[in-house]
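Numbering starts at 1 and runs along the sequence shown.
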Amino acid sequence: MSGVVTAVSSNSKYSFTKPNRESITLLAGLGVEGDVHAGVTVKHRSRVAQDPTQPNLRQVHLIHEELFTEVGATGFRVAPGELGENITTRGIDLLSLPVGTLLRIGAQAVVEVTGLRNPCLQIDNFQDGLLKQVVGRDELGNIVRKAGIMSIVAEGGLVHPGDVIKVALPDKPHRPLDRV
């Protein structure tokens with residue numbers, strides 16, 4: 001299973017969106033160099049308020065570009081980086097990957113999938129009504145989160161748009177993704 005990076009984004013300031021870049025550098029155990037969410041411990045404000053010593057399982061946020069097409073069909077326009085992701089992908093069903101999946105990105109970088117992004121009200125502040133498009137319920141009433149996945153950096157390296165992403169699933173039994 002493989003896909004491709006369609007955009008990379010980072011921001012040194014707390015902001016919902018992240019500007020697109022020509023490249024980003026992933027730092028092992030930290031996240032995206034220069035990004036406000038990089039670090040060994042949590043950097044997301046709500047998580048810091050709960051317990052600033054928690055490990056940062058949200059170092060790199062990935063979203064599948066196919067989500068933009070899906071929400072576009074309901075009238076929303078979303079471009080790479082606008083939902084705060086660091087890496088926009090195409091060709092991989094990110095949401096179906098199990099915890100512990102390794103994504104080799106480009107020549108050197110490797111991220112380990114930790115869980116699902118938990119969409120928040122900031123998405124509606126960005127575009128009113130968009131939150132209902134990226135979080136909902138399935139036919140059994142279970143919450144379905146579609147706003148991407150979170151990961152930690154296992155091996156650092158440079159990431160560019162156009163880089164190939166290779167998927168390495170962990171040994172079975174697989175654990176499904178849950179919010180982190």
Side-chain angles (χ1 to χ4, degrees), residues 1-26 31-32 34-38 44 46 57-99 101 103-106 109 111-139 142-153 158-167 176-180:
M1 188 179 347
S2 67
V4 67
V5 174
T6 60
V8 294
S9 311
S10 67
N11 200 337
S12 61
K13 301 175 192 159
Y14 279 106
S15 173
F16 183 69
T17 61
K18 295 182 187 257
N20 294 154
R21 308 287 182 192
E22 288 185 22
S23 66
I24 56 173
T25 301
L26 301 186
V32 178
D35 191 83
V36 70
H37 294 111
H44 287 77
S46 63
L57 302 178
R58 301 164 56 98
Q59 294 175 356
V60 181
H61 177 198
L62 298 92
I63 282 186
H64 50 297
E65 186 177 69
E66 292 85 351
L67 177 65
F68 304 155
T69 303
E70 181 182 327
V71 301
T74 61
F76 293 94
R77 289 184 49 97
V78 180
E82 289 186 335
L83 293 182
E85 76 277 9
N86 300 110
I87 299 174
T88 310
T89 70
R90 184 177 56 240
I92 300 172
D93 182 359
L94 296 176
L95 304 177
S96 72
L97 298 174
V99 172
T101 298
L103 302 175
R104 181 167 298 281
I105 307 170
V111 298
E112 180 180 338
V113 177
T114 56
L116 295 168
R117 176 190 183 181
N118 193 32
C120 64
L121 287 176
Q122 289 185 58
I123 293 174
D124 266 352
N125 293 338
F126 171 66
Q127 287 186 42
D128 190 41
L130 184 57
L131 182 59
K132 286 184 180 178
Q133 301 300 313
V134 298
V135 65
R137 295 201 179 263
D138 65 16
E139 59 281 350
N142 300 311
I143 295 175
V144 177
R145 295 171 178 90
K146 298 190 243 178
I149 62 172
M150 306 307 282
S151 64
I152 57 173
V153 181
L158 209 54
V159 178
H160 301 88
D163 281 349
V164 172
I165 305 168
K166 295 180 183 171
V167 177
L177 297 178
D178 198 2
R179 67 185 180 98
V180 293

Please enumerate all residues that pass side-chain contact (heavy atoms from CB on, under 4.5 Å) together with [X], with sequence neighbours excluded.
X      : value
Thr25  : Leu27, Glu33, Leu158
Val99  : Arg175, Leu177
Ser10  : Arg21, Ile24, Val32, Asp35
Lys132 : none

Identify the heavy atoms of [X] and [Y] that sit nearest to each other, and give their distance.
X      : Y      : value
Phe16  : Glu82  : CE2-O, 3.2 Å
Ala147 : Ile123 : CB-CD1, 4.5 Å
Ser2   : Val164 : CB-CG1, 4.5 Å
Leu83  : Arg117 : O-NH1, 2.7 Å
Arg145 : Val135 : CG-CG2, 4.1 Å
Asp124 : Leu130 : OD1-N, 3.1 Å

Does a side-chain heavy-atom distance below 4.5 Å link Val180 with Arg58?
->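 Side-chain contact under 4.5 Å: yes.
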
Should Thr101 and Leu103 count as side-chain neighbours, where that means a heavy-atom distance under 4.5 Å?
-> yes

Sorted by first residue and then second, give each ring pair (Phe, Tyr, Trp, His ring centres under 6.0 Å) pair with at least one member in residues 66-91; sequence neighbours left out.
->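 Ring pair (Phe, Tyr, Trp, His ring centres under 6.0 Å) check on residues 66-91 returns no pairs.
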
Inter-residue atom distance [X].[atom1] - [Y].[atom2], 0.5 Å rounding:
X      : Y      : atom1 : atom2 : answer
Ile105 : Ser151 : CD1   : OG    : 7.0 Å
Asn118 : Ile143 : CG    : CD1   : 8.0 Å
Ser23  : His160 : OG    : NE2   : 4.5 Å
Glu85  : Met150 : CD    : CE    : 10.5 Å
Asp163 : Ile87  : CG    : CD1   : 9.0 Å
Leu62  : Ile149 : CG    : CD1   : 5.0 Å

For the pair Tyr14 and His37, name the ring-plane relationship: parallel under 30°, tilted 30 to 60°, perpendicular over 60°.
-> perpendicular

Sequence-distant partners of [X], side chain to side chain donor-acceptor pair (under 3.5 Å), two or more places apart:
X      : value
Thr74  : Gln133
Ser9   : Asn20
Asp138 : Asn142
Asp93  : Ser96

Which pairs with one or both residues in residues 1-10 pass salt bridge (Lys or Arg N to Asp or Glu O under 4.0 Å), sequence neighbours excluded?
->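 Matches after skipping sequence neighbours: none remain.
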
Indicate yes or no for a side-chain donor-acceptor contact from Asn11 to the backbone of Thr17 under 3.5 Å, with no hydrogens or angles considered.
-> yes

Sorted by first residue and then second, give each side-chain hydrogen bond (donor to acceptor under 3.5 Å, both in side chains) pair with at least one member in residues 60-72; sequence neighbours left out.
-> Thr6-Glu65, Glu65-Arg90, Glu70-Lys146

